[in-house]
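See below for the structure under consideration.
Worth saying up front: this structure is predicted, and the values here are computed from it rather than measured. A, B, ... follow the sequence lines: proteins, then strands. Residue 1 opens every chain.
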Number of protein chains: 2
Amino acid sequence: MSSERQAAEEPGGPAPTPRGAAFLLTQLGTHAADRFAVRVAELGLTPPDIGLLRTIATRPGRSQRALAADLGVVPSRVVALIDRLDGKGLVERRRSTEDRRNHELYLSAEGGRVLGEVRGIAAAHEDDILSALDDGQRAELTELLGLVAAQQGLAPGIHPGYRNLPGGQGS
Amino acid sequence: MSSERQAAEEPGGPAPTPRGAAFLLTQLGTHAADRFAVRVAELGLTPPDIGLLRTIATRPGRSQRALAADLGVVPSRVVALIDRLDGKGLVERRRSTEDRRNHELYLSAEGGRVLGEVRGIAAAHEDDILSALDDGQRAELTELLGLVAAQQGLAPGIHPGYRNLPGGQGS
DNA sequence: TATTGTTATACTCTATAACTATA
DNA sequence: TATAGTTATAGAGTATAACAATA
């Protein structure tokens with residue numbers, strides 16, 4: 001926040017709150033995540049569920065271990081997440097015939113259908129969040145965010161929220 | 001995500017992961033929050049701590065109840081957060097002389113000093129996150145994010161992460 | 001002996017509800 | 001009776017470590 005003003009030197013009013021781009025990013029990122037969570041909750045799903053469905057759809061037949069590595073979470077957490085989706089009939093575990101220790105993960109037909117619904121929800125969500133901007137501004141914003149994400153080393157489509165870090169407020 | 005492609009119709013490769021602006025926002029927002037958390041951890045503070053320090057600095061002398069309302073959290077949570085900061089000597093609770101039920105909240109001298117350090121950290125954080133962009137692009141991004149934040153009704157400087165919503169992955 | 005998936009356990013964060021003191 | 005702050009408790013989420021089956 002190179003343009004941030006200091007509190008003690010403002011006699012007229014107290015400390016300004018940060019409005020730098022980094023703060024705006026976390027503020028808007030949390031807001032967008034919250035809104036999306038509300039939307040997919042109507043399907044009985046949580047945002048982590050969605051991430052799993054997407055990842056399995058992208059590369060079907062992989063093991064739970066490999067999925068855990070992709071997402072950057074511990075294997076035991078994948079167990080609990082898959083249990084949920086398996087119980088809902090959205091994901092199937094199939095014992096590998098090559099190595100019977102492995103579970104190959106696949107989306108069920110119903111899982112594929114639900115993921116299609118999620119795509120519709122995501123599109124509506126995008127329109128909602130960006131409703132302040134016209135098409136040109138949306139393209140501009142998307143390009144700038146893409147540049148930042150690439151430079152910061154964020155894997156396309158993998159949400160860093162699967163990682164384990166302290167806190168949660170951010171600036 | 002109006003430009004999102006469908007998985008089943010891509011024979012060459014499996015489902016693409018979302019790259020719309022809304023997904024980029026949550027991805028980058030979470031990433032920026034994580035990075036900031038790591039930075040302030042060196043001061044022994046968490047991101048929620050920072051938000052409290054900032055809010056108290058902005059409007060000193062207010063009650064815990066009022067602070068809870070500002071941040072959108074339950075009063076009992078403010079108790080725990082202030083306990084932390086009080087124990088570190090950064091915040092002072094003073095019994096109101098007008099209504100002895102109230103605790104007026106103030107930053108200690110040390111608290112003000114630490115908040116100054118946080119401003120430096122926030123500036124370095126901003127430079128880090130935006131290092132992919134030149135000055136013109138940073139201004140452009142900040143303006144676009146400001147438009148979106150205003151339209152979405154986000155209060156300047158108040159982090160929505162203080163709210164209580166399900167999930168955490170977002171799109 | 002090493003690896004996959006699982007279970008058992010503990011820890012952190014946060015909300016709800018009951019309680020104390022002041023009004 | 002109502003309100004400010006506090007304490008006690010419970011629930012969700014997630015990690016670590018021990019375990020069983022398979023290699």
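Nucleotide D:dT3 holds its P atom 18 Å from the CD atom of B:Glu98, rounded to whole Å. Atom CG in B:Asp99 sits roughly 17 Å away from atom P in D:dA2 (whole-Å rounding). Atom pair A:His159:NE2 and D:dG13:C1' shows a separation of 16 Å (rounding to whole Å applied). Atom CG in A:Leu81 sits roughly 7 Å away from atom P in D:dT14 (whole-Å rounding). Following rounding to the nearest Å, A:Arg77 (CZ) and C:dT4 (C1') show an atom-to-atom distance of 19 Å. What separates CZ of A:Arg101 from C1' of C:dA2 is a distance of 7 Å, to the nearest Å. The interatomic distance linking B:Leu105 (CG) with D:dA4 (C1') rounds to 12 Å, in whole Å. Separating the CD atom of A:Glu92 from the P atom of C:dG5 is a distance of 16 Å, rounded to the nearest angstrom.
Distance from the side chain of B:Ser76 is smallest for C:dA15 among the nucleotides C:dA15, D:dG5, C:dT7. The side chain of A:Asn102 approaches C:dG5 more closely than any other nucleotide in the set D:dT16, C:dA15, C:dG5.
Contacts of A:Arg93 with the nucleic acid, taken as non-hydrogen atoms under 4.0 Å apart, involve only primed sugar atoms and P, OP1 or OP2. Among the atoms of the strands shown, base atoms are found under 4.0 Å from some heavy atom of B:Arg65. Among the atoms of the strands shown, only primed sugar atoms or phosphate atoms (P, OP1, OP2) are found under 4.0 Å from some heavy atom of B:Ser63.
With respect to A:Lys88 and A:Asp49, no salt bridge is recorded, no charged nitrogen being found less than 4.0 Å from a carboxylate O.
Along DNA chain D, the nucleotide closest to A:Val74 and the one closest to A:Arg100 are compared, and the more 5′ of them pairs with A:Val74.
Exactly one residue among B:Asp83, B:Leu81, B:Ile56, B:Leu52 makes a side chain to side chain contact (heavy atoms under 4.5 Å, CB included) with B:Val91. That residue is B:Ile56. Looking at B:Leu141, B:Thr142, B:Leu25 one by one, the single match for side chain to side chain contact (heavy atoms under 4.5 Å, CB included) with A:Leu24 turns out to be B:Thr142.
A 4.5 Å side-chain heavy-atom check between A:Ile121 and A:Glu42 finds every atom pair outside the cut-off.
Nearest heavy atoms, B:Ala37 versus B:Pro47: CB-CG, 3.7 Å.
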